[in-house]
Amino acid sequence: MRAYDPSEIEPKWADRWEAEDLYLASEDPDDPRPRFYALDMFSYPSGDLHMGHLEAYSGGDAVARFAAMRGNNVLHPIGWDSFGLNAENAAIKRGVDPKEWTYANIDQQAASYRRLGMSFDWTRRLHTSDPEYYRWTQWLFLRFFERGLAYRKNAPVNWCPKDQTVLANEQVINGACERCGTPVVRRDLTQWFFRITDYAQRLLDDAAALVGWPERVLTMQRNWIGRSEGASVTFEIAETGDEVEVFTTRPDTLWGVTFFVFAVEHPLVATLAERGGTRDLVEPVLEKVRATPLTVREEADTTEGVPLGVHAVNPVNGERIPVFVAPYVLMEYGTGAVMGVPAHDQRDFEFARAHRLPIRVVVQPEGEERDPETMTEAYDHEGVMVNSGPFDGVRSPASIGKVVDWLEEQGKGKAAVTFRLRDWLISRQRYWGPPIPIVHCPVHGEVAVPDDQLPVELPPDVDFRPGGESPLARHEAFVHTTCPIGGEPATRDTDTLDTFVDSSWYYFRYCSPHDDAAPFDGDVVERWMPVDQYVGGVEHAILHLLYSRFFTKVLFDMGMVTFTEPMLRLMNQGQVIYEGASMSKTKGNIVEPMPLVERWGADSMRLAILFAGPFEDDIDWKAVAPDPDRRPGVTSWLGRVYAAVTEAAERDARDPEPLRRLVHRTIRGVTNDMERFRFNVAISKMQVLSNEMRATLDAGGGAREASTALVLLLAPLAPFIAEELWREVLGNEASVHTSPWPAFDEELAREERVTLVVQVDGKVRDRIEVAPDAGEEDCRELALASEKVARSIDGREVRQVIVRPPRLVNVVTAR
RNA sequence: GCCGGGGUGAUGGAACUGGCAGACAUGAUGGCCUCAAAAGCCAUUGCGCGAGAGCGCGUGCGGGUUCGAAUCCCGCCCCCGGCACCA
């Protein structure tokens, strides 16, 4: 008998599957099968595949194959997110063209995907760096521009000094660049933004309907959007008459305001300092803050700040209060100015103590008396309003709504909602991205490049090394053009679009990847989308996934699609780590998957990674596959499966009854597990079945039915060996991957004999085999007849007998 | 601080709605095969006591509900992830 040899099986089937067009999604409108869109997050072409890819795509492929076997017309595409800093930096480091480097990596990854046996529809392959693709990225940008959703403004932005480009807020992780980890600094620059804040409320509201998404992703998005409810209240500067709005979540504490604070960057600060005669005092603070990186700024001292020498008038009681400028107030949030309520806000409290400002309690805890003199911290819990004019005696925070109504009546303020979410900064001062299709005309201003002139192609002969400005700006022939409206000499915008713009719509493009009249064919998109199952890393929870939801809503508003959410279900695979730490070059702990695939086979590595633990949990490779030179456990198991199925195929005997029952139980269990991404549990059930097959064969029995079922169940997870056994050993004509998923017989799946557990006072004392339909009386009698039970009862009085046929009897005695 | 998710043998992890804790693996130990090794096969493997049948203990800690709790409730501790002078 031949031994299991993946190196012989796997390349053979990879070729044949492609020759047989096994994984093409059908666009036939008469195809009766339900459509299923199985989407994997596409990859950055930064070298060959790593362990993270192996895990994500093994899971995604299992989903797609399982869906196909269950009778769906499956769309399972693949492509590359091939623009971006990653590719560009790597290319610069190696002194090669980003394009060359990128496409070489794409070819390598594509070869690896084939080697792994991924069931992709290769006819839909796309690369975001292809002009055929980014033409439509630019086209979509222009539609956003037309609708006022893409705009340019001067603003303080995050700048990565190493990558020499601006970053979106979402790309700043703990104050550092998402790509390279360099601490980000602040710069005032004119940049392009997408008006995602217009969609903040809808992004929040619709998240509630995403029941197929992991809770943590939705939570992260909610935190990121950061909705706060409260009131906006207008204060007047006594000396100048300037009106300044502030946002507060606690309008009930308005009577406790004893000072007023501006953010350092607030536009009024300079003139107010002038007026207050405090310019010499204020200027050093401004200088200091401007020079401080954002990361350090966040730890700014709450006691820091200087008076501006002017006063604000509290609209609720007409009091004049001193005005300050302090770094603890942020220009980015709210209005860049706050009212200071030291008695009820900890930061204000600390500031007031440092500057010897009065503290006035306006919410008293019930039955207590807070004395401003002796308070050591702000009181921010519930209580009764005092010193609050018309609201004395009203309970807070229940009073907030009433205060807001009152403010509106009095014309002093109104209900307001503030979001933490900022507009999405989409321009980048780098080469390797889609040029922004805008012409700057001295007469007409920002002018869209006409659609028929798209794409604005990236010129190949650019010195693309970063220099703080866009490399395209150094390319004279690119820069100089004429205005599309009046023909005047004009210049092209030289920034490129963030990669996350490319990836915000690629899953639409897969539906009609070769359309040259539109980014996608609306009718085809209607048939496939929304995506039925999306699989990818949680690191995109507030980047790609939020942006994609935003794009879909904009496309809906444009009438291009009829749905508002792009993905119905989302599953995040965990990370593959090593000895508790993420794999990285600097730690030297990277395990490359492809050499292991060459050595032990694609099926083995796919199974090994899916069997290692729950799909969404991190996997410590050190713990599951410690010795790279030792044969992995799953490889041995596949060898046993191969042997068992081969042996069973040569035998005429029918499967004995107990094995048949196990087969049907296994089908039921594995089906359930596959639906819930519980690949590790599914595999363990198959192992139980194969162990039983071995025992049956050794006892001279047949295992043909078991073999058929096992091979079908294994197909989504280990596609090569399943195909080999299905066609070559079991003698089927058609591919296992187009065969129907096995059905189970409910009757057979029921246990023939079940173990009746007999407890005495909750402790297991005996186990008795009974028929599954054993009744309550039978179970009670059997249990009480047990000698072990009698011994445990030890003559005590039996108080109660709880019977749960056919699984359990609990005899309760008088103790 | 706020929000989300966790804590089960030496290890990865099972245990559908409360009902046999530790499935399935990995590792380890012993044995078979072999000149030897690898591969393979068999046995044992939660902890403690016991020659054994068996008994006791055991799912982060402390309480509670229940005939019965890894699972439900209350109070803690710890770990992971996200957000954070957010007004």
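All figures in this text were calculated on a predicted structure; none of them were measured in a lab. All values below were derived from every heavy atom in this structure, side-chain atoms included, with hydrogens, water molecules and symmetry-related copies excluded. Order of the sequence lines fixes the chain letters, A, B, ..., with proteins taken first and strands second; residue numbering starts at 1 for each chain.
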- prompt: Do the rings of W424(A) and Y547(A) sit parallel, tilted or perpendicular, given the 30° and 60° boundaries?
  reply: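 Taking Y547(A) first and then W424(A), their aromatic rings lie parallel (interplane angle under 30°).
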message: Please verify the inter-ring angle class for Y333(A) with F247(A); under 30° counts as parallel, over 60° as perpendicular, anything in between as tilted.
response: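 It falls in the perpendicular class, over 60°.
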task: Mind telling me if G5(B) is syn or anti? Syn here is a glycosidic angle within 90° of 0.
output: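 Base orientation relative to the sugar is anti.
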Mind checking [X] for me? I need base, sugar-phosphate or nothing, with any heavy atom below 4.0 Å counting as a touch.
X	answer
S636(A)	sugar-phosphate
R222(A)	nothing
G633(A)	sugar-phosphate
R676(A)	nothing
Q759(A)	base
P214(A)	nothing

Are OP1 or OP2 of [N] and a side-chain N or O of [X] less than 4.0 angstrom apart?
X	N	answer
R678(A)	A14(B)	no
T249(A)	C86(B)	no
R347(A)	C86(B)	yes
N810(A)	G19(B)	no
N691(A)	A25(B)	yes
R630(A)	G27(B)	yes
R631(A)	G40(B)	yes

Under a 4.0 Å threshold between the charged nitrogen and the carboxylate oxygen, would [Y] count as salt-bridged to [X]?
X	Y	result
E229(A)	R227(A)	yes
R250(A)	D380(A)	no
E332(A)	R420(A)	no

message: Quick check for you: among C20(B), G12(B), C24(B), whose closest atom lies nearest to any side-chain atom of S684(A)?
response: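 Out of C20(B), G12(B), C24(B), the nucleotide with an atom closest to S684(A)'s side chain is C24(B).
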Output the rounded distance in Å from [atom1] ([X]) to [atom2] ([N]).
X	N	atom1	atom2	answer
R694(A)	C42(B)	CZ	C1'	14 Å
E215(A)	G6(B)	CD	P	11 Å
R227(A)	C86(B)	CZ	P	18 Å

message: Using only modelled atom types and a 3.5 angstrom limit, is any donor from either the side chain of N223(A) or the base of C83(B) paired with an acceptor on the other?
response: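 There is none.
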query: What integer number of Å spans the P atoms of C78(B) and G60(B)?
result: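 Taking atom P in both C78(B) and G60(B), they lie 16 Å apart.
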task: For G18(B) and G64(B), measure between their C1' atoms and round to the nearest Å.
output: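 One C1' to the other, the span is 15 Å.
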- request: Using the closest heavy atom to pick a nucleotide of RNA chain B for each, name whichever of D348(A) or T219(A) lands nearer the 5' end.
  value: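 Upstream on the strand: T219(A).
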task: Please figure out whether V172(A) or Q687(A) has its closest RNA chain B nucleotide nearer the 5' end.
output: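 Of the two residues, Q687(A) wins.
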query: Do the side chains of M339(A) and T253(A) get nearer than 4.5 Å, heavy atoms only?
result: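 Yes, their side chains come closer than 4.5 Å.
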query: Does some side-chain heavy atom of Q221(A) sit less than 4.5 Å from a side-chain heavy atom of W213(A)?
result: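 A side-chain contact under 4.5 Å exists here.
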message: For a side chain to side chain donor-acceptor pair (under 3.5 Å) check, start with the C-alpha distance between D348(A) and Y328(A), then their side-chain angles and the critical distance, and finish with the verdict.
response: CA-CA 10 Å; D348(A) 295 348; Y328(A) 86 83; 2.7 Å; yes
- line: Pairing string of RNA chain B (Watson-Crick or G-U wobble, both atom distances under 3.5 Å; | = paired to other strand) is (((((((..(((......[....)))((((((.......))))))((((....))))..(((((..]....))))))))))))....
